[in-house]
There are 2 protein chains.
Amino acid sequence: METLTIGKVARLAGVGVETVRFYERQGLVEEPPRRASGYRQYPVETVSRIRFIRRAKELGFSLKEIRELLELRIDPKTTCEDIRRRADAKIDDIAERIATLRRMKAALERLTAACRRGRGPVSGCPILEALEDGEKS
Amino acid sequence: METLTIGKVARLAGVGVETVRFYERQGLVEEPPRRASGYRQYPVETVSRIRFIRRAKELGFSLKEIRELLELRIDPKTTCEDIRRRADAKIDDIAERIATLRRMKAALERLTAACRRGRGPVSGCPILEALEDGEKS
DNA sequence: CTACACCCGGTACCATACTACGGAGTCAAG
DNA sequence: CTTGACTCCGTAGTATGGTACCGGGTGTAG
């Protein structure tokens, strides 16, 4: 089975070596087996895992939330009911983020449209107005 | 014209007084007029502005990016061309975030579906696998 | 068998985004 | 006209998420 050193994992995932070790300390990346010298031996999947972490982080999930997302899987240690409840909560959260982003996008599209056809009466701040409704917390 | 003290703005927007002043220092909230005593007099719109900042932050935008979003408007100081270019870049950014969130949501939905019909062969980490493709940076 | 890139753990430092504190002045209800 | 909540500014401290550096050991190509 193919394994990678920490440096290769880091390069493939587009992060620094220090970041990989940091994610390990945070419980986001499983502690890999070591060889006699103490060198970490990573399975190739670790690369995808780290790439996922980066993407989720860009979308505003905290490392704690990302850990929870990564723990969502069907295994014998947790009941199906429990997994479904937590996954459903995440789904709702994500749906709401998508809805808000869509409103922001629509507002910006109206702005560029107004711009294109000779600066209509768009003043004030359109993106801000787009979120006036739809408040919920 | 109705104005608000900093404390009222903060309460209505759901943040602390210190946060309002912090956003002012960061250029996210315009410096309001003061009365003779030095007290800030905010227009009511400031509340929406701060609520927008909070939402955008939850979606993973940095304060710097949020400032850029809030500056996108048609005014005489910038050319239409410039506004459109910057707005288009933000639109692309947002579209990509939406696409990634949709893939995450779909993965979680597959997980709960598998869960519901008596734990199928879903092992490993479905949300992670959902993003295996669609890499771009 | 040595050079050089790589890995080890530990600690210290950094940027971002707040949050708290202190000492003093202000406002309004009673 | 006092009292208590609110405001002022400045500075310092916190949490998160890394990033950098250290002295030392490891691995391998020439």
Side-chain angles (χ1 to χ4, degrees), chain A residues 2-44 46-47 49-71 93 137, chain B residues 2-44 46-47 49-71 93 137:
Chain A
E2 184 101 42
T3 64
L4 303 170
T5 62
I6 195 169
K8 280 177 192 143
V9 166
R11 250 193 313 285
L12 290 169
V15 302
V17 166
E18 322 282 343
T19 302
V20 180
R21 298 207 277 129
F22 175 72
Y23 287 164
E24 186 179 308
R25 284 198 299 282
Q26 302 302 306
L28 291 161
V29 169
E30 229 189 330
E31 289 195 34
R34 310 287 188 111
R35 16 177 174 171
S37 60
Y39 280 31
R40 290 169 179 81
Q41 286 182 294
Y42 288 100
V44 284
T46 306
V47 176
R49 201 174 172 92
I50 292 169
R51 286 212 272 242
F52 173 79
I53 295 166
R54 304 299 288 189
R55 299 188 131 230
K57 217 174 50 64
E58 280 165 22
L59 293 170
F61 294 95
S62 67
L63 295 190
K64 188 167 167 294
E65 288 171 320
I66 294 168
R67 190 162 46 241
E68 286 164 15
L69 282 169
L70 288 167
E71 279 161 2
D93 171 24
S137 75
Chain B
E2 184 101 43
T3 63
L4 302 170
T5 61
I6 195 169
K8 281 180 190 139
V9 167
R11 251 193 313 286
L12 289 169
V15 302
V17 167
E18 321 283 343
T19 304
V20 180
R21 297 208 279 128
F22 175 72
Y23 286 165
E24 184 178 309
R25 284 199 297 283
Q26 301 305 304
L28 291 161
V29 169
E30 229 189 332
E31 290 195 35
R34 310 288 188 110
R35 17 180 174 167
S37 61
Y39 280 30
R40 289 168 180 81
Q41 287 181 294
Y42 288 99
V44 284
T46 307
V47 176
R49 201 175 173 90
I50 293 169
R51 286 212 273 244
F52 172 80
I53 295 166
R54 303 301 286 188
R55 301 189 129 231
K57 218 175 51 64
E58 280 165 22
L59 293 170
F61 294 95
S62 68
L63 295 190
K64 189 166 167 295
E65 287 170 321
I66 294 167
R67 189 163 46 240
E68 287 164 13
L69 283 169
L70 288 168
E71 280 162 0
D93 171 24
S137 75

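Just so we're on the same page: letters track the sequence lines, and every chain starts at 1.
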Next on the checklist: Run the side-chain contact (heavy atoms from CB on, under 4.5 Å) test on B/Phe61 and B/Asp93 for me, step by step, so that the C-alpha distance in whole Å, both residues' side-chain angles and the decisive distance to 0.1 Å come before the verdict.
Outcome noted: CA-CA 11 Å; B/Phe61 294 95; B/Asp93 171 24; 3.8 Å; yes
Starting at [atom1] of [X], measure out to [atom2] of [Y] and round the result to the nearest 0.5 Å.
X	Y	atom1	atom2	result
B/Arg11	B/Thr5	CZ	OG1	7.0 Å
B/Ile50	B/Glu24	CD1	CD	9.5 Å
B/Leu28	B/Phe52	CG	CZ	10.0 Å
B/Ile66	B/Arg49	CD1	CZ	11.0 Å

Item to check | Within residues 9-31 of chain A, residues whose heavy atoms come under 4.0 Å of DNA chain C | outcome: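 Nucleic-acid contacts, sorted: A/Arg21.
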Item to check | Upstream residue (5' side of DNA chain C) when B/Gly38 and B/Lys64 are each assigned their closest nucleotide | outcome: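 The answer here is B/Lys64.
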Checklist entry - Quick one: on DNA chain D, does B/Arg34 or A/Ala36 contact a more 5' nucleotide (nearest heavy atom)? => result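 Between the two, 5'-proximity favours B/Arg34.
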Next on the checklist: Check this for me: B/Glu30, atom CD, are more than 12 non-hydrogen atoms of other residues, nucleotides or ligands nearer than 6.0 Å?
Outcome noted: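 Not buried by this count: 12 neighbours or fewer within 6.0 Å.
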Checklist entry - Is any side-chain N or O of B/Arg35 closer than 4.0 Å to OP1 or OP2 of D/dC8? => result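 No, no such contact exists.
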Item to check | Positional range of nucleotides in DNA chain C within the contact set of chain A, heavy-atom, under 4.0 Å | outcome: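 So the contact region on DNA chain C extends C/dC6 to C/dG10.
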Next on the checklist: side-chain contact (heavy atoms from CB on, under 4.5 Å), that's the test. Do A/Val29 and A/Ile53 meet it? Break it down for me.
Outcome noted: CA-CA 10 Å; A/Val29 169; A/Ile53 295 166; 4.3 Å; yes
Next on the checklist: Let's go through B/Thr46 and B/Leu4 carefully: what are the C-alpha distance in whole Å and the side-chain angles of both, what is the deciding distance for side-chain contact (heavy atoms from CB on, under 4.5 Å) to 0.1 Å, and is it a yes or a no?
Outcome noted: CA-CA 9 Å; B/Thr46 307; B/Leu4 302 170; over 6 Å; no
Checklist entry - Taking five pairs at each end, how big is the angle between the two axes of the helix from C/dC1-D/dG30 to C/dG30-D/dC1, to 10°? => result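 End axes: 10° apart.
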Checklist entry - Which heavy-atom pair separates B/Arg40 from B/Ile6 by the least distance, and what is that distance? => result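 Nearest heavy atoms, B/Arg40 then B/Ile6: CD-CD1, 4.1 Å.
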Checklist entry - Hey, does A/Lys57 reach any base, or is it just sugar-phosphate, or nothing, if we go heavy atoms under 4.0 Å? => result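 A/Lys57: backbone/sugar contact only, no base atoms under 4.0 Å.
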Item to check | Option among A/Val15, A/Val17, A/Leu63 that satisfies the side chain to side chain contact (heavy atoms under 4.5 Å, CB included) test with A/Phe22 | outcome: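 Exactly one pass, corresponding to A/Leu63.
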Checklist entry - Is any side-chain N of the basic residue among A/Glu58 and A/Arg54 closer than 4.0 Å to the acidic one's carboxylate O? => result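 Result for this pair is no, no salt bridge flagged.
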Item to check | B/Ile6 CD1 - D/dT7 P separation (whole Å) | outcome: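 After rounding, the reported distance stands at 7 Å.
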